[in-house]
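For reference, the structure discussed in these notes is given below.
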Amino acid sequence: MTHHRDAISYISGKSPALRGDVDVPGDKSMSHRSIMFGLLAEGKTTVKGILTGEDVLCTADAARALGAEVTAQEDGTWVIKGNGLTNLTAPDRVLDMGNSGTSTRLLMGLVAGYDFNTSFTGDASLTKRPMGRVMKPLAQMGASFIDKNEGRLPLIVQGSSALRPTTYELPVASAQVKSAILLAGLNADGKTTVIESKPTRDHTENMLRHFGATVETERLENGAYAISITGKPALTGCDIVIPADPSSAAFPVVAAILTPGSDIRLDNIGMNDRRAGIFTTLIEMGADITIENERDMAGEPVADLHVRYNGPLKGIDVPADRVPSMIDEFPVLSMVAACADGTTRMTDLAELRVKESDRLLMVAEGLKKCGVSLEMGEDSLTIHGNGKPPAGGAEIETALDHRIAMSFLILGCATDNPVSVDDGTPIATSFPRFIPLMTALGAKIEKR
Ligand code: S3P
């Protein structure tokens, strides 16, 4: 697990033009969900294109502890055999969720509807993250908790087979909280409704429908969305195909945007409009990204991307209502802003403070060390670019955060002086082959 591992420092230096095709791994959000829903369904689920990152392996281990058989075939297809919604087994061990907030929060909702206790723990990053946001609605539905750490891991969910359906308005835009409630709602009698004022990723809704659940999404008069699930459905194993992760794709895309002469292609990238805000933003800043061959892959929109270096981009104001659709991409966007011509203003970023690290702080501190001028607010970041990469030449603290590590390694490909990160091992949580894929394109990234 991630928390018993020694740190490995990496360094990146000014790179030649990046060229080639990038094989971006499967979508992390969808990979977690395919295993969880396969566990709850009766019969066999097959999953093609699954991400085999550490976060997803944590979910797979948890699914096994709850009674599913989870195996990988030689061709890379995963097979999950579940026993049906009513037939989970009580786990005989603590579920160690490593670095993964998605595994933890979704599984807390999933196990809330069963008459057994489930213990969760995680690494030094995950044990700092707030779980009260899922405990509150789950308690309202009838689950209880043994939590000695003020809503943080380690904690125990005391489930109940007599969950009450609820209507819950999300206080923060969070697909994890929405999903936890919907998963608990599977075991409540009647309709459970989540109201979100800002649309967050809808993979739970889309994929649960595919397994046979009734999930309705309604646009309310005030513009909010009401998502309702009908409890006690018959879920049946099915075949899932997972597109490549747009959040992972963003790293090579930005590397090509920052490195003169670059020309790269990325196929089968998930383009769900609740996820793809980073591409809209980069194009607004002037990036040369061609979106080709738009199509549907097993119910999700995908496209191929062709990205060419196009000179320095221009700073922009990122619209606040776009934030949920690119919530994980602000670290890497900040690297672009640091090299752009003019000021980039990013607002409504309070959630960044409770991700794998305090991403607002880690980005601001790291960029300052690289010579960038910026202002950080409580929930905002304003970055002043000079139309060329900053000096670099710094060692960046990554605080067990994969996206901080990847973002700064990419910045180092463009700066005059190399950039190093204190620990690159967390990259394996979401993008295990990041370094070999980047070096195959020509990036100068190596162990220090
Ligand atoms: C995720 C939702 C987002 C995102 C995370 C994955 C998901 O978190 O940051 O990487 O798969 O539902 P929040 O729900 O906390 O915004």
Side-chain angles (χ1 to χ4, degrees), residues 25-37 50-51 53-56 58-59 62 97-110 122 125-126 128-137 151-153 168 170-183 194 196-208 225 227 242-243 245-251 270 272 274-278 300 322-333 348-360 362-363 379 400-404 406-407 426-427 429-431:
D27 190 84
K28 182 151 74 72
S29 294
M30 293 181 68
S31 297
H32 284 299
R33 287 158 172 81
S34 68
I35 297 170
M36 291 181 198
F37 306 166
I50 197 166
L51 166 70
E54 287 171 357
D55 280 10
V56 177
C58 288
T59 292
M97 301 289 91
N99 192 254
S100 179
T102 310
S103 309
T104 310
R105 296 202 178 107
L106 270 61
L107 284 167
M108 283 173 69
L110 186 151
S125 153
L126 187 57
K128 291 196 193 86
R129 300 181 65 186
M131 299 301 154
R133 52 178 60 197
V134 292
M135 290 160 68
K136 189 172 170 214
R152 286 169 173 78
L153 298 189
Y168 193 80
L170 293 182
V172 287
S174 168
Q176 293 179 356
V177 179
K178 170 176 67 177
S179 301
I181 299 166
L182 294 175
L183 285 172
V194 181
E196 58 180 10
S197 56
K198 291 182 181 154
T200 64
R201 65 191 69 193
D202 55 3
H203 306 302
T204 296
E205 298 90 302
N206 296 342
M207 205 186 285
L208 273 177
Y225 293 83
I227 303 107
I242 295 181
D245 195 321
S247 298
S248 297
F251 296 104
N272 182 320
R274 292 177 177 208
R275 292 292 300 285
I278 182 66
E300 288 277 339
R322 194 181 292 157
V323 169
S325 72
M326 51 179 292
I327 190 66
D328 291 334
E329 282 63 77
F330 283 93
V332 77
L333 177 68
D348 236 12
L349 302 184
E351 278 297 295
L352 262 58
R353 297 214 179 260
V354 291
K355 294 295 178 188
E356 286 82 329
S357 69
D358 177 343
R359 286 184 173 158
L360 263 188
M362 302 316 288
V363 165
D379 69 348
L400 287 179
D401 190 328
H402 55 136
R403 300 198 198 280
I404 297 294
M406 288 188 277
S407 296
I427 294 172
T429 60
S430 68
F431 199 160

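Note that the structure is a prediction, hence the values are computed from the model and not measured. In each ligand, atom 1 is the first atom listed, and ligand 1 is the first ligand listed. Side chains included, hydrogens not; waters and symmetry mates left out as well; all remaining heavy atoms used.
Protein heavy atom nearest atom 11 (O) of ligand 1, with residue, atom name and distance: Ser29 OG, 2.7 Å. When only non-hydrogen protein atoms are considered, atom 10 (O) of ligand 1 lies nearest to Asp328 OD2, 2.7 Å.
Between the NZ atom of Lys28 and the OG1 atom of Thr429 there is a distance of 6.0 Å, given to the nearest 0.5 Å. Taking CD of Glu196 as the start and OH of Tyr168 as the end, the distance is 13.5 Å to the nearest 0.5 Å.
Taking only non-hydrogen atoms, the option from Lys355, Arg275, Lys178, Arg105 nearest to atom 16 (O) of ligand 1 is Lys355.
A salt bridge between Arg353 and Asp379 is absent, with no side-chain N of the basic residue lying under 4.0 Å from a carboxylate O of the acidic one. We find that Lys198 and Asp348 are joined by a salt bridge, their nearest charged nitrogen and carboxylate oxygen being less than 4.0 Å apart. A salt bridge does not link Arg275 with Glu300: none of the charged nitrogens is closer than 4.0 Å to a carboxylate oxygen.
Residue-to-ligand polar distances place Gln176 within reach of ligand 1: an N/O pair is separated by less than 3.5 Å. By the 3.5 Å distance cut-off applied to N or O atoms, Val177 is not counted among the residues near ligand 1. Residue Glu351 places no N or O, backbone or side chain, under 3.5 Å from any N or O of ligand 1.
Only side-chain heavy atoms of Arg201 come within less than 4.0 Å of ligand 1; its backbone N, CA, C and O stay farther off.
Every atom of ligand 1 is numbered from 1 in the order shown, and the set under 4.0 Å from a heavy atom of Ile327 is 9 (O). Close approach of ligand 1 to Ser174 is summarised as follows: ligand atoms under 4.0 Å from at least one heavy atom of the residue are 13 (P), 14 (O), 15 (O), 16 (O). If you number the atoms of ligand 1 from 1 as listed, the ones under 4.0 Å from a heavy atom of Ala175 come out as 12 (O), 14 (O).
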Please step through side-chain hydrogen bond (donor to acceptor under 3.5 Å, both in side chains) for the pair Gln176 and Thr102, ending with a clear verdict. CA-CA 6 Å; Gln176 293 179 356; Thr102 310; 2.8 Å; yes
Steps toward side-chain hydrogen bond (donor to acceptor under 3.5 Å, both in side chains) verdict (Lys178, Thr200): CA-CA 9 Å; Lys178 170 176 67 177; Thr200 64; 3.0 Å; yes
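Nearest approach of Leu400 to Ser125, heavy atoms of both residues: CD1-N, 3.7 Å.
In this structure, Arg33 counts as a contact residue of ligand 1, since one of its heavy atoms falls inside 4.0 Å of the ligand.
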